[in-house]
Amino acid sequence: MPAMNMIQALNHALDVMLARDPDVLIFGEDTGYFGGVFRVTDGLQAKHGLKRCFDAPISEGGIIATAIGMGAYGLRPVAEIQFADYILPAFDQLVSEAARLRYRSAGEFWAPITVRSPYGGGIFGGQTHSQSPEAIFAHITGLKTVIPSNPYDAKGLLIAAIEDDDPVVFLEPKRLYNGPFDGRHDQALKTWAGDPRAEVPEEHYTVPLGKAAIEREGADATVLAYGTMVHVAAAGIAESGVDAELIDLRSIVPLDIETIVASVRKTGRCVILHEASRFGGFGGELAALVQERCFYHLKSPIERVAGWDTPYPHAFEWDYFPGPARLAKALARCMER
Amino acid sequence: MRDLPFGLVRVLDEAGQAVGPWNPRLEADTLREGLRAMLLTRAFDERLFRSHRQGKTSFYMKSTGEEAIGVAQSMMLGREDMCFPTYRVMGWLHARGYPLIDMVNQIFSNANDPLKGRQLPILFSARDYGFYTLSGNVGSRFGHAVGWAMASAYRGDDKIALAYIGEGTTAEGDFHEALTFAAVYRAPAVLCVTNNQWAISSYSGIAGGEETTFAAKAIAYGLPGLRVDGNDFLAVWAATEWAAERARSNLGTTLIELFTYRASGHSTSDDPTKYRPADEAAHWPLGDPVERLKGHMIALGEWDEARHAALIETLDTQVREAVKTGEAVGTLGKSKPSVAEMFEGVFKEPDWRVVEQRRELGI
């Protein structure tokens, strides 16, 4: 099985789907000839032709509106929004149209579209190339929101998203494109080489949407994370010395509530980690769900570790970024109770 | 061609004669069918507007004064083409024989509502009639038409898309985004601005209508723009035929401004006398589309006052019967689909949230 980084795995998923399904086509800003600013669509136009993979005008609203119209016709477009920070001009299309077609037309029309977008920080991108907007999509009834944390899942989840008959926002943790990153920014860069999660089958396979992965089993606390934070959590758990169970949610809508509840009932403690700012973040929803379903199993208050409630700051990236030390502290606080 | 956005395509002259190069030379039966569908649209609007005033539904919007547009374009385009409507082109459905009772049930949100009680009155969806799902937010389907048309071209099909946007909504980004994509990818689409002079209470100048014409917006995108008398059934037909032929010949998108007049209020929620003269409609220089087509048919010797009055009577009876049948099922609040429908169709398959919440509600 070849080793792939996340860019290669995503590229492979698109390549497999272009070859397999003539209804799949790909477009976005710089996705055609150039192959995308992060190279995820590299070589696809040359291999599959101009009609299957092309460049779009700088018009996020136009890109998603066009994709929805194609989806309503019966195609399965995969649109790229260059950075998740730029998805907001398309927000109306996602919320008022893509997410609502099936419901309001009583099933006459639907939009089987996938919207790929790199998200998250850790790359010194400042406030317009670093944000994590997953919670605002999770709040929208009718949208699915998927976030992989490694190359194997990235390929399988992207194929599952493309084959799904509902609109999927597929957020790619850009700091994980080239290697796992655990938040320890002062250490040497790691690549995906040698990581078992980077062994990616060449053929078609799916990782089902709505199924979390238990990244590490543990007895004394549960850590809920997704995307880049899965790796930060693993480092934080190691630093804390706590025997914590680490759950990679993989998709936040649909959410694998059963795996979460089973784990917290077993461990009695829960720490939620996300990079997005804390207030109104998806951690709030997770905390509410956990206390509703696990209250009598909890030995300590649920903790949230997240980005501060500020815009994503350029010079203060590592002060903002919720690194392993903050998670370790939260775990230690839990264990004191 | 650069003059077309600044002129006005007209066929029917003041004497009711069809004149000039745009005359589509329609058969008398086609004219009679068009008149019937326009009169049906008007009769339906009048009766259902009254139903709202009688408390039988929450909301209604009339197409009055603009009936020629939806009717002519619906009749002219093919069954496989798709219309991306606004809420003021209900003539599209009336021209295609969409069952009146389904409309009434939708407007009453009753147990037989084809949209299962999920949508405001008249925000229909009728795929089999080439009518894309409507919504209350304006403009956001304009780009869907372009994507739909691109998909047709991609598949090698010859279906085309026709979309509407109001002149007020041309100020939205959706309009410019759609025109950019339509031009760049040469989408087989007909994009129409229905300039009915009023966006609720704002006259067309608030949307830039005094600086240039809405048809002239096409020039910046390198698209042909036509400015058409929207109250002239024959002119609407001819312009649409021209644009549809361009689209089907892979020559791309045409922007058509349909110059018309919204003779009624915006909806049941506004009183137009508060923002414009009460008798403005009577002074509209391009006349009433129904009266103009009727006059033309009488001038041709294909119609007369007696037949006209009889047709109005017949159509009103049809509408009355549909309303009566719908009322028997129930008006708003007196009857509704199963509450289970509230939880259906969020996704293709329900996730645990709606399953649990449905249980919580006890259904």
Side-chain angles (χ1 to χ4, degrees), chain A residues 22-23 25 27 51-52 54-75 77 79 89-90 92-93 95-113 141-144 164-167 209-210 253-258 289, chain B residues 82 84 113-120 123-128 131-137 139-155 157 159 161 163 172-174 176-182 184-185 187 189 341 344-349 351-354 356:
Chain A
D23 287 337
L25 41 81
F27 60 102
K51 284 186 178 174
R52 307 294 304 283
F54 53 91
D55 291 313
I58 302 174
S59 173
E60 291 79 14
I63 289 168
I64 303 305
T66 303
I68 294 168
M70 290 174 166
Y73 193 92
L75 304 185
D92 185 40
Q93 286 297 328
V95 176
S96 311
E97 298 294 340
R100 300 291 148 79
L101 284 193
R102 184 189 296 283
Y103 189 80
R104 74 175 193 231
S105 70
E108 284 197 329
F109 297 94
W110 62 93
I113 68 169
T141 49
L143 283 184
K144 295 182 177 177
D164 198 277
D165 284 333
D166 290 308
L209 308 185
V253 178
L255 181 70
D256 186 352
I257 189 70
E258 284 176 23
L289 287 167
Chain B
M82 186 65 75
F84 293 73
D113 172 3
L115 298 184
K116 317 288 185 192
R118 295 176 189 158
Q119 270 285 46
L120 263 183
L123 300 184
F124 301 115
S125 175
R127 188 177 190 123
D128 292 344
F131 192 89
Y132 191 69
T133 163
L134 251 173
S135 182
N137 45 338
S140 49
R141 271 89 49 213
F142 213 53
H144 298 192
V146 175
W148 195 94
M150 287 168 68
S152 170
Y154 170 79
R155 283 252 185 100
D157 298 338
K159 302 173 198 174
E172 289 280 9
D174 301 277
H176 304 279
E177 290 159 5
L179 288 175
T180 301
F181 278 72
V184 169
Y185 301 108
E341 289 296 346
E344 298 289 339
V346 179
F347 294 112
K348 190 177 182 190
E349 304 295 337
D351 77 5
W352 57 267
R353 295 173 297 170
V354 287
E356 283 188 3

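Just so you know, these numbers use all the heavy atoms, side chains as well, and skip hydrogens, waters and symmetry mates.
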The residue among B/Phe84, B/Phe142, B/Trp148, B/Phe124 that forms ring pair (Phe, Tyr, Trp, His ring centres under 6.0 Å) with B/Tyr132 is B/Phe84

So which pairs with a foot in residues 58-73 of chain A pass side-chain hydrogen bond (donor to acceptor under 3.5 Å, both in side chains), sequence neighbours left out? A/Tyr73-B/Asp157

What option among B/Glu356, B/Glu349, B/His176 has the most heavy-atom pairs under 4.5 Å with chain A? B/Glu356

Just by distance, no angles: are the side chains of A/Arg100 and A/Ser105 close enough, under 3.5 Å, to form a donor-acceptor pair? no

Any idea which of B/Gly136, B/Gly147, B/Pro114 has the most non-hydrogen atom pairs under 4.5 angstrom with chain A? B/Gly147

Only pairs of heavy atoms separated by less than 4.5 Å count here; which of A/Glu258, A/Arg102, A/Met70 has the most with chain B? A/Arg102

Quick check for you: among B/Glu177, B/Met82, B/Gln119, B/His144, which has the greatest number of heavy-atom pairs under 4.5 Å with chain A? B/His144

If one checks every heavy atom of B/Leu123 against chain A at 4.5 Å, the contacting part turns out to be neither

Side chain of B/Glu341, backbone of B/Lys116: donor and acceptor closer than 3.5 Å? no

B/Ser140 portion near chain A, given a 4.5 angstrom heavy-atom threshold: both

Quick one: what part of B/Asp174 sits under 4.5 Å from any heavy atom of chain A, side chain, backbone, both or neither? side chain

Could you tell me which portion of A/Ile64 (side chain, backbone, both or neither) has an atom closer than 4.5 angstrom to a non-hydrogen atom of chain B? neither

Indicate yes or no for a side-chain donor-acceptor contact from B/Ser152 to the backbone of B/Lys159 under 3.5 Å, with no hydrogens or angles considered. yes

Correct closest heavy-atom pair for B/Val346 and A/Tyr103 would be N-CD1, 3.9 Å

So which of A/Pro77, A/Pro22, A/Gly71 has the largest heavy-atom pair count under 4.5 angstrom toward chain B? A/Pro22

Counting only heavy atoms closer than 4.5 Å, note whether A/Gln93 contacts chain B via side chain, backbone, both or neither. side chain

Close side-chain approach of A/Asp164 and A/Lys144, heavy atoms under 4.5 Å: yes

Which bit of A/Ala56 is near chain B, if near means a heavy-atom gap under 4.5 Å: side chain, backbone, both or neither? both

Rounded to the nearest 0.5 Å, what separation is found between the CZ atom of B/Phe181 and the CD1 atom of A/Ile63? 5.0 Å

Interface residue of largest heavy-atom contact number with chain B, from A/Ala67, A/Ala99, A/Gly142, under 4.5 Å: A/Gly142

Could you list the residues that satisfy ring pair (Phe, Tyr, Trp, His ring centres under 6.0 Å) with A/Phe54, not counting sequence neighbours? A/Phe27, B/Tyr185

Of the backbone (N, CA, C, O) and the side chain (C-beta and beyond), which part of A/Leu209 lies under 4.5 Å from a heavy atom of chain B, both, or neither? neither

